[in-house]
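Everything on this sheet refers to the single structure shown next.
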Amino acid sequence: MTSRLDPGNAEDEFHKEQKQASLGVLIVTAVDAEAEAVRRGLGGAAGFTVIAAGAGPAAAAAGTAAALAAGSYGCVVSAGIGGGFPGRAALGSLVVASELIFADLGAETPEGFRSAAELGFGRVEYPADSGRVQRLAAGLAAAGLAVSTGPVLTVSTATGSAVTAAALAARVPGAAAEAMEGCGVAAAAVARNLPVLEIRAISNPVGPRDRAAWRIGEALEALAAAGPILSEVLE
Ligand SMILES: O=C(O)c1cccc(C(=O)CC[C@H]2O[C@@H](n3cnc4c(=O)[nH]cnc43)[C@H](O)[C@@H]2O)c1
């Protein structure tokens, strides 16, 4: 009689992760510069495919779905630069998402913003795989890299004011970072029952738009520095 996997059973979880790891890891970025940084950090490690799917949730979802249809993967990662919420994630640090939140998918109402989930027409929360999150965050910290965990917001419009930054931080307590692809990647991963992670290297503060304050080069270096740990933890 075949044994049914018990999701709550640690041994079953271990075997499931082992099987997933044998299938390889898909890492999705927005642009080539991010993909090249991730590849540089992975250093040719086997079992990893890195693609640049384009900026924004729609491109991320479409590119991830196409890659998952064309290959066999056990885990999907959204990776790239992102904005850090003040006091939560400093420039040049890394954020590993505890959950991925589609922060502006919803509607304006007389009572203010209501999410698509609150209005009953969409999904806005995607939990990251907690075991991998903890192992990745611990590995990054052990490697001496500045890292934090917390909700990472996906938006279709990059925040450009203190008012919007404050509204987002109030809407998602503990929000650590903001980017534009994570929930697109997550939607495609969840459609195939695959675990999803998001890792962001902080290039700028979330708030008033100040391109001069962006530190994209530093963030790409941090993303590359995370590569060996991604390889160690997710292989
Ligand atoms: O404000 C501008 O003029 C501007 C010019 C070029 C690019 C941008 C972006 O917002 C890049 C979005 C791109 O980078 C990620 N990212 C990085 N920081 C943030 C952020 O604070 N909020 C949202 N997305 C961010 C994002 O994932 C995209 O791939 C702006």
Side-chain angles (χ1 to χ4, degrees), residues 26-39 50-65 67 76-106 113 124 126 128 146-148 150-172 174-189 196-226 230:
L26 176 66
I27 301 180
V28 185
T29 70
V31 298
D32 288 338
E34 293 165 321
E36 287 153 18
V38 171
R39 292 189 192 106
V50 184
I51 64 170
T64 303
V76 190
V77 183
S78 174
I81 65 173
F85 280 88
R88 295 285 179 181
L91 293 190
S93 71
L94 296 161
V95 174
V96 178
S98 56
E99 53 183 325
L100 294 74
I101 307 291
F102 213 149
D104 58 5
L105 181 63
F113 176 86
V124 299
Y126 299 88
V147 59
S148 58
V152 174
L153 310 190
T154 297
V155 295
S156 294
T157 302
T159 293
S161 70
V163 170
T164 302
L168 288 171
R171 192 183 304 160
V172 185
E178 172 188 287
M180 299 175 76
E181 292 82 27
C183 285
V185 172
V196 63
L197 295 171
E198 182 169 10
I199 181 168
R200 291 286 161 179
I202 303 306
S203 53
N204 59 281
V206 174
R209 179 168 172 269
D210 173 10
R211 289 288 282 139
W214 285 47
R215 295 289 178 273
I216 294 179
E218 187 180 333
L220 291 174
E221 284 310 307
L223 196 56
L230 283 167

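When a ligand or atom number is given, it counts from 1 through the structure's own listing order.
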[X] N/O under 3.5 Å from ligand 1 N/O:
X: M180; result: yes
X: E181; result: yes
X: R209; result: yes

So for G80, does at least one of its heavy atoms come nearer than 4.0 angstrom to any atom of ligand 1?
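Not so, G80 does not reach ligand 1.
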
Determine, using heavy atoms of E34 and all atoms of ligand 1, whether some pair is separated by less than 4.0 Å.
no

What's the shortest distance from [atom] to any protein heavy atom, and which residue and atom give it?
atom: atom 23 (C) of ligand 1; answer: E178 OE2, 3.3 Å
atom: atom 30 (C) of ligand 1; answer: W214 CH2, 4.0 Å
atom: atom 5 (C) of ligand 1; answer: R211 NE, 3.2 Å
atom: atom 19 (C) of ligand 1; answer: G83 N, 3.5 Å
atom: atom 15 (C) of ligand 1; answer: I81 O, 3.6 Å

Short question: side chain of E218, backbone of R215 - any donor-acceptor pair under 3.5 Å?
no

Quick one: does any side-chain atom of R171 pair with a main-chain N or O of A103 as donor and acceptor, under 3.5 Å?
yes

E178 and T159: side-chain hydrogen bond (donor to acceptor under 3.5 Å, both in side chains), yes or no, with the steps?
CA-CA 8 Å; E178 172 188 287; T159 293; 2.5 Å; yes

Where [X] and [Y] come nearest, the two heavy atoms and their spacing:
X: T154; Y: G182; answer: OG1-N, 3.4 Å
X: A89; Y: V95; answer: CB-CG2, 3.5 Å
X: I81; Y: A219; answer: CG2-CB, 3.8 Å
X: G82; Y: A179; answer: CA-CB, 4.5 Å

Working for side chain to side chain contact (heavy atoms under 4.5 Å, CB included), residues V196 and V77:
CA-CA 6 Å; V196 63; V77 183; over 6 Å; no

Which atoms from ligand 1 have a heavy atom of [X] less than 4.0 Å away?
X: S203; result: 17 (C), 18 (N)
X: R200; result: 27 (O)
X: A30; result: 29 (O)

Taking only residues two or more places apart in sequence or in another chain, which ones pass side-chain contact (heavy atoms from CB on, under 4.5 Å) with S78?
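So S78 forms a side-chain contact (heavy atoms from CB on, under 4.5 Å) with E181, V185, E198, R200.
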
Under 4.0 Å, heavy atoms only, figure out whether ligand 1 is touched by the backbone of N204, its side chain, both or neither.
side chain

